[in-house]
Amino acid sequence: MHAKFKINLEHTINSGQVFLWNKIEEEWIGVNGQEIIVAQQDSQIISSSGKEGYFFREDDNMEKILSRIRKDKIVNSAIMHFPGLRLIRQDAFQCYISFICSSNASIRNIKLMLTNICKKFGEKTEFNKHECFTFPTPEKLATASIKQLLDCRLGFRAKYVRDAAKMVDTGRLDLESLKKMDYQSSLEKLRTVYGIGNKIADCILLFSLDKLDAFPIDRWSQRILLKYYSKIFNDVNEKPLTEKKYEELHKEIVNYFGPYAGYAQQFLFKMERELNEKNWL
DNA sequence: TCATCACCTGGAGA
DNA sequence: ATCTCCAGGTGAT
């Protein structure tokens, strides 16, 4: 890989994509499904699964991607301020459950819920002198009762998670097969899950199912569009997006930023949150 | 199709 | 101390 496009772990992990990561001294330790990943800046990234170069999308052609999304001085500024920021290719089931939990919750709270889920349903594992719990498999999480999920502090999301885990466990939803489908078809399939709307579907598609044209429009994205792009996109305002508005806006966005629009979202999101001094993990 | 509203919970700010 | 408000939304009316 060209040194110019070296991954910056700090920027990447602290960008709202992942929740089960902790920094201990100079090392980052993260849970990704049944694997544990240990990474240190400017050092080798190791995984308990032995799979390399996958999680941080080291196969992405960043020169090409950045040149395609650099449409204006706003994205350009975000790219310049956060070099080495990458999208992450997460374990699909963990990503799916994580973003279902993200509904109307702060990052800190999401992390707490997911940590509780791992402690209750995951496997205690040791890797590279670090001990932690893996994320439960669909089979394991599908056995969870509502009460157990409430004990994990999921609140009203407990029923969503229970249904979602059962969808995967029973084979009614095959996350791996969504990777091979196009954006629209996989989006529609995800949206059939109780608890998944457009925004959460876009997060799952972008962060785990290789749909780089997914552009999650959350409160922050909306603020960004209103602040910097109100001249470019039609009818952006601060009001909550209806399903139809969301879809129309998404089309306009992909039309403008292109097939790697999701990368543009990640840079813009990171920049605006930092500008407002919001906390990460 | 659209506008409201309730929803668990933890943390920040008044 | 106690209260209010909000956080990377979604589903039901």
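Throughout, a chain's letter reflects where its sequence line sits, starting with A, and its residues are numbered from 1.
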Distance check needed: [N] [atom2] versus [X] [atom1], whole Å only.
| X | N | atom1 | atom2 | result |
| --- | --- | --- | --- | --- |
| Glu248(A) | dC2(B) | CD | C1' | 13 Å |
| Met113(A) | dC8(B) | CE | P | 12 Å |
| Ile107(A) | dG11(B) | CD1 | C1' | 14 Å |

Side-chain ion pair, [X] and [Y], N-O less than 4.0 Å:
| X | Y | value |
| --- | --- | --- |
| Lys211(A) | Asp182(A) | no |
| Glu272(A) | Lys278(A) | no |
| Lys179(A) | Glu176(A) | yes |

Item to check | dG9(C) pairs with, by Watson-Crick or G-U criteria that keep both distances under 3.5 Å | outcome: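 Pairing partner, where one exists within any strand: dC7(B).
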Checklist entry - Given the P atoms of dT13(C) and dC8(B), what is the spacing between them in whole Å? => result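 Nearest-Å result for dT13(C) against dC8(B) at atom P: 14 Å.
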Checklist entry - If you measure from the P atom in dA6(B) to the same atom in dT4(C), how many Å do you get, rounded? => result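 Each nucleotide's P atom is 15 Å from the other's.
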Distance test, side-chain N/O of [X] to OP1/OP2 of [N], below 4.0 Å:
| X | N | value |
| --- | --- | --- |
| Arg153(A) | dC8(B) | no |
| Thr242(A) | dC2(B) | yes |
| Arg108(A) | dA7(C) | no |
| Arg223(A) | dA7(C) | yes |

Item to check | Of the listed nucleotides dA7(C), dG11(C), dT9(B), the one nearest the side chain of Arg219(A) | outcome: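 So the side chain of Arg219(A) is nearest to dA7(C).
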Item to check | Side chain of Lys199(A) - closest among dG9(C), dA12(C), dG10(B) | outcome: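 Closest nucleotide among those given: dG9(C).
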Next on the checklist: Please determine whether side chain to side chain contact (heavy atoms under 4.5 Å, CB included) holds for the pair Phe207(A) and Arg89(A), giving the CA-CA distance in whole Å, both sets of side-chain angles, and the decisive distance to 0.1 Å.
Outcome noted: CA-CA 5 Å; Phe207(A) 303 140; Arg89(A) 187 187 279 117; over 6 Å; no
Sugar-phosphate only, base, or nothing, as touched by [X] at under 4.0 Å among non-hydrogen atoms:
| X | answer |
| --- | --- |
| Ile196(A) | sugar-phosphate |
| Phe207(A) | base |
| Tyr194(A) | sugar-phosphate |
| Gln265(A) | nothing |
| Ser98(A) | nothing |
| Lys244(A) | sugar-phosphate |

Item to check | Of Arg191(A) and Cys203(A), the one whose closest DNA chain C nucleotide lies more 5' | outcome: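 That would be Cys203(A).
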Checklist entry - Given that Phe269(A) and Val193(A) both sit by DNA chain C, which one's nearest nucleotide is further toward the 5' end? => result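 The residue mapped nearer the 5' terminus is Phe269(A).
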Item to check | Nearest-nucleotide 5' precedence on DNA chain B, Ser103(A) against Lys245(A) | outcome: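 The answer here is Lys245(A).
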Item to check | Gln17(A) side chain to Ile88(A) backbone, donor-acceptor under 3.5 Å | outcome: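 The answer is yes, because a donor-acceptor pair under 3.5 Å joins these two groups.
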Next on the checklist: Under a plain distance cut-off of 3.5 Å, with no hydrogens placed, do Glu35(A) and Ser48(A) share a side-chain donor-acceptor pair?
Outcome noted: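 Result is no, nothing qualifies.
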